[in-house]
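The analysis underlying the following values was restricted to heavy atoms, covering all of them including side chains, and did not include hydrogens, waters or symmetry mates.
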Amino acid sequence: MIVAESAHLAVAAVLLVAAPAKLRDVPGFAASVAGYRVLPGRLSLPVAVAALAAEVVAAGLLLVPGARQWGAVVAALLFAAFLVAMVAVLRRGMSVACGCFGGRDLVGPGTLARTGLLLALAVTAGLAGPVAFAPAQVPVAAVLLGLAFLTPRLFRRRRPSSGPRPGSRFALSGAPEPAGDRVLYALVSPGCGLCGAMLPEFAATAARMEVVLVSAVDGYGGAGLPVVVDPDVFDRNDIPWPPYAVVTGRDRTVLAGGGAAGPAELERVLARAERVAPT
């Protein structure tokens with residue numbers, strides 16, 4: 001059947017598009033992996049690198065008839081792993097960047113449906129076996145890709161997490177009482193490349209206000225800053241992904257918050273907080 005015989009081209013095309021996008025920002029992809037919070041944070045970078053390598057290998061094997069079934073197995077395992085991680089995120093009500101194609105699309109019913117369809121295509125490619133290439137496979141593969149990528153549009157987009165609102169109380173367990181009028185809580189994750197790159201910026205901010213690193217998992221340390229571990233801090237405060245900055249007053253009333261993936265973003269958060277009278 002021409003559909004089954006064309007499935008390998010569709011899967012290979014997806015992998016060949018996804019892998020380069022992630023390779024351009026491996027730390028960013030690792031941060032997305034860490035954002036799922038289904039693995040210890042220290043494993044996010046090794047897992048991200050392994051996933052990238054598997055995508056490239058699977059794409060190459062799928063294009064070789066004699067090795068196609070092995071490529072289909074690797075691709076199916078990848079999509080199955082992604083599917084399990086997405087289901088875990090949705091069950092916990094989290095708002096997490098998919099990281100599927102190096103972008104910031106949020107995990108939701110649409111990404112779940114797309115990954116499920118790609119898994120079905122990978123299984124179909126394996127069952128079809130080492131079929132020789134035929135020109136008719138190209139347009140059929142294009143149709144299959146269209147179905148896989150248009151399906152998410154049938155689902156309403158999830159509301160992105162916006163983080164704690166100014167005036168709300170920043171929920172944090174296990175933190176010492178603030179010593180200053182303003183406190184920067186820098187939410188980070190082990191293995192997050194962007195978080196590591198921002199450590200010097202967070203440390204420099206300590207000259208302006210008290211700074212505390214906050215992580216959902218143990219094992220984070222750096223820049224001589226105090227670290228608080230609270231497994232539920234991201235969920236309770238509607239934090240989308242690290243690195244994220246929250247500035248509060250002495251009573252932990254939020255003055256400002258926002259993504260802190262770069263110095264300019266952090267400075268915008270600090271500037272907004274400084275325009276608000278501390279509490």
Side-chain angles (χ1 to χ4, degrees), residues 18 20-37 39 41-49 51-52 85 89 94-108 111 158-166 170 172 182-209 211-217 219-223 225 227-228 230 233-235 237-248 254-274:
K22 296 169 186 172
L23 283 169
R24 285 193 291 269
D25 185 15
V26 175
F29 178 47
S32 296
V33 172
Y36 281 78
R37 301 203 293 283
L39 295 169
R42 65 181 181 277
L43 296 180
S44 59
L45 183 57
V47 169
V49 172
L52 280 168
V89 163
M94 295 164 55
S95 181
V96 175
C98 172
C100 305
F101 294 90
R104 287 294 193 181
D105 287 345
L106 296 177
V107 172
T111 60
R158 297 178 67 217
R159 179 187 64 83
S161 293
S162 56
R165 295 182 178 180
F170 183 59
L172 181 64
R182 286 187 174 87
V183 185
L184 167 64
Y185 293 100
L187 289 102
V188 293
S189 178
C192 163
L194 291 175
C195 299
M198 283 299 294
L199 280 179
E201 300 296 330
F202 295 140
T205 305
R208 299 164 62 178
M209 64 184 70
V211 179
V212 177
L213 298 181
V214 181
S215 178
V217 293
Y220 205 97
L225 297 171
V227 181
V228 173
D230 182 351
V233 66
F234 282 85
D235 295 337
N237 294 284
D238 199 29
I239 304 295
W241 50 71
Y244 197 92
V246 177
V247 180
T248 76
V254 176
L255 304 179
E265 290 185 18
L266 175 60
E267 186 56 40
R268 282 195 289 270
V269 174
L270 297 176
R272 289 201 303 272
E274 289 172 353

* Judged by atom type as modelled, is there a donor-acceptor pair below 3.5 Å linking the side chain of Arg272 to the main-chain atoms of Leu255? ->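 Side chain of Arg272 to backbone of Leu255: no pair is present.
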Do [X] and [Y] touch side chain to side chain, with heavy atoms closer than 4.5 Å?
X	Y	value
Val33	Leu43	no
Val214	Val246	no
Pro27	Leu45	no

* **Spacing of CG belonging to Leu225 relative to CG belonging to Leu213, to within rounding of 0.5 Å** =>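 Spacing of CG (Leu225) from CG (Leu213) equals 4.5 Å.
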* Nearest 0.5 Å, what's the CG-CG distance between Leu184 and Leu270? ->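 Spacing of CG (Leu184) from CG (Leu270) equals 6.0 Å.
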At their closest point, which heavy atom of [X] faces which heavy atom of [Y], and how far apart are they?
X	Y	result
Ala30	Ser44	O-CB, 3.5 Å
Ala273	Ala256	N-CB, 3.6 Å
Pro242	Ser189	CG-CB, 3.7 Å
Ala245	Leu266	CB-CD1, 3.9 Å

Under 3.5 Å, which donor-acceptor pairs do the side chains of residues 196-208 form with other protein atoms, sequence neighbours left out?
| residue | atom | partner | partner atom | Å |
| --- | --- | --- | --- | --- |
| Thr205 | OG1 | Glu201 | O | 2.8 |
| Arg208 | NH1 | Glu267 | OE1 | 3.0 |
| Arg208 | NH2 | Glu267 | OE2 | 3.4 |
| Arg208 | NH2 | Glu274 | OE2 | 2.8 |

* Asked: Given Val233 and Phe170, is the side chain to side chain contact (heavy atoms under 4.5 Å, CB included) satisfied, shown in steps?
  -> CA-CA 9 Å; Val233 66; Phe170 183 59; 4.0 Å; yes
